[in-house]
Amino acid sequence: MTNPRLSLRTWHERASRPLPDAVRGPAVDPAALTVGQVHLGLGAFTRAHQLLCTEDAAAATGETGWGVLGVTQRSPRVAEQLVPQDGLYGVLTAGADATSLRLVGSVRDVAFPGRDTARVLDALAAPTTHVVTLTVTEKGYRRTADGGLDTGAQDVAADLADARAELVGDGDAAARTPVGMLVRGLVRRHRTSGAPLTVVCCDNLTDNGTVLRGLVADALAAVPGADDVRAWVEASVRFPSTMVDRIVPATTEAHHAEAEALLGLRDEGLVVGEPFFQWVVEDAFAGPRPAWERAGATLTGDVAAYERAKLRVLNATHSTLAYLGALRGHATIAAAVADPDLAAVARALVDDDVLPTLTAPDGTDLHAYRDSVLHRFANPATGHTTVQVAMDGSQKLPVRLLGTVADRLAAGAVPYAAATAFAGWIAYVRAAGDGGLVVDGRTVALDDPLAPVLVEATAGSAEEAVDGVLALRQVVPADVAASTGFRAAAVAALRDLTR
Ligand code: CS2
């Protein structure tokens with residue numbers, strides 16, 4: 001007999017009977033919450049991170065105003081998962097030794113832009129909404145090579161035309177991009193309540209708050225007649241930077257089976273996370289916020305050092321292990337880091353190239369941080385795949401790897417391990433791009449918004465492939481591309497990998 005589906009009703013029924021010790025219900029009564037936070041990008045990551053923290057903060061303070069309206073991206077799939085479950089979902093924490101399941105009830109409403117844009121805009125404008133959080137991935141921000149908003153892209157331009165219509169109260173067409181949705185919501189807020197707002201970027205970008213503030217400014221500069229809105233945003237909307245950290249793999253059938261065995265209910269919205277959790281948030285808010293510091297987050301005046309250390313140590317070694325690991329046929333990050341050759345590359349990357357570019361954030365021992373990161377990667381229970389981490393390299397490597405390269409070159413050093421990582425990406429692109437990469441019995445497709453450009457750029461000899469990628473200005477900064485030392489190191493590494 002199949003188990004019933006998770007919902008408020010079935011959960012209450014289930015909770016009236018004894019539960020395994022490893023299962024916890026929502027920290028607050030979901031039915032008592034009203035929406036005070038809008039989240040753009042309701043994927044797995046935020047469900048295992050920010051939204052859990054928001055619920056714990058509400059539980060710690062007893063405040064009932066921090067329910068969340070979650071907004072999906074391009075597909076209605078997450079809405080289909082969560083709406084029938086009254087927004088309830090489980091977070092399966094997969095440790096090396098123990099697994100536990102926690103239900104979260106902070107999502108009080110779910111919207112899909114293709115259908116519900118009007119409702120999202122109203123929520124962004126409502127004076128009862130104080131905080132907007134975003135996890136839309138690197139590519140979701142639609143940036144150009146110089147980091148500005150790609151206002152020439154068709155979908156961005158269409159959103160900006162709708163932002164112009166919104167100036168006169170006429171703009172309910174479906175939003176196509178997250179920044180477009182946000183900007184239209186800001187225009188509506190300015191036109192209606194004018195209440196202050198805080199917008200919290202939670203993606204892996206350097207100085208992410210400043211980046212998002214710049215994109216919003218670019219958008220408004222491209223909307224004729226929006227000068228008053230721009231001035232209001234400058235005065236009344238804050239964009240704190242944040243560093244977010246938790247490994248959240250894609251949910252598998254095995255995870256579903258494990259959670260269902262614990263709970264006795266089917267949960268289509270289940271997400272999985274490692275035991276580790278970190279969130280460092282710049283304490284720069286325009287108004288009220290959930291008491292995230294009561295729920296494990298660090299509120300600080302300076303996020304930059306944390307952000308840089310995390311991107312350059314964790315995310316850079318993650319990508320390196322993903323590319324080199326997949327090329328060696330390792331399906332998971334845990335298998336890749338268990339390969340002594342690859343662990344040595346990861347350590348060399350951190351020790352030789354990354355650490356000289358970092359200042360330790362308050363009280364952090366960066367060597368211990370490196371070890372803790374590699375230890376987390378070795379957790380076999382998450383099942384995090386190399387192919388998942390390998391996606392979108394053209395969007396990720398500039399942020400996680402090429403800043404390190406630029407800094408080392410500026411200091412007069414050739415970053416050899418970083419060149420190996422870069423060559424690993426090129427080798428992966430070549431193998432996946434021509435259909436010749438098989439991991440775990442499956443042919444891997446190249447998953448990257450620039451895939452066709454990358455395949456073309458990486459054709460030919462090792463020299464030609466490295467030169468082809470170095471010439472892609474939307475990926476590689478000019479100072480890195482101009483270095484003959486880095487080029488030679490990358491060519492040598494690519495030859496080794498190809499051999
Ligand atoms: C990973 C990150 O998929 C990736 O590119 O490097 O998602 C990583 O798991 C998180 O940033 C950890 O906080």
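One is the number of the first residue; the rest follow in order along the sequence. Counting starts at 1 for both ligands and their atoms, in listed order.
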Identity and distance of the protein heavy atom lying nearest atom 4 (C) of ligand 1 = Lys396 NZ, 3.5 Å

query = Looking only at protein heavy atoms, which one is nearest to atom 13 (O) of ligand 1, and how far off is it?
reply = Asp245 OD1, 2.6 Å

Asn204, portion touching ligand 1 at heavy-atom distance under 4.0 Å = side chain

Could you pull out every donor-acceptor pair under 3.5 Å between side chains of residues 413-422 and any protein atom, sequence neighbours left out?
{"from": "Thr420", "atom 1": "OG1", "to": "Tyr416", "atom 2": "O", "distance (Å)": "3.1"}

Which atom pairs, donor and acceptor, lie under 3.5 Å between side-chain atoms of residues 438-447 and protein residues at least two apart or in another chain?
none

inquiry  = If we set the cut-off at 4.0 Å for heavy atoms, which region of Met391 has an atom near ligand 1: side chain, backbone, both, or neither?
reply    = neither

query = Which of these, Asp392, Ile247, Leu321, Asn315, has its nearest heavy atom closest to atom 8 (C) of ligand 1?
reply = Asn315

query = Would you call Arg238 and Asp283 a salt bridge, taking side-chain N to carboxylate O under 4.0 Å as the test?
reply = no

request  = Please state which part of Gln278 comes within less than 4.0 Å of ligand 1, counting heavy atoms only: side chain, backbone, both or neither.
outcome  = neither

request  = Check the side chains of Ser319 and Arg400 for a donor-acceptor pair under 3.5 angstrom, ignoring hydrogens and angles.
outcome  = yes

query = Pick from Thr210, Val131, Thr198: which one makes a side chain to side chain contact (heavy atoms under 4.5 Å, CB included) with Pro240?
reply = Thr198

message = I'd like the name of whichever of His318, Lys310, Gln388 reaches closest to atom 11 (O) of ligand 1 through any heavy atom.
response = Lys310

task = Mind listing the closest non-hydrogen atom pair of Asn204 and Glu138 along with its distance?
result = CB-OE2, 3.9 Å

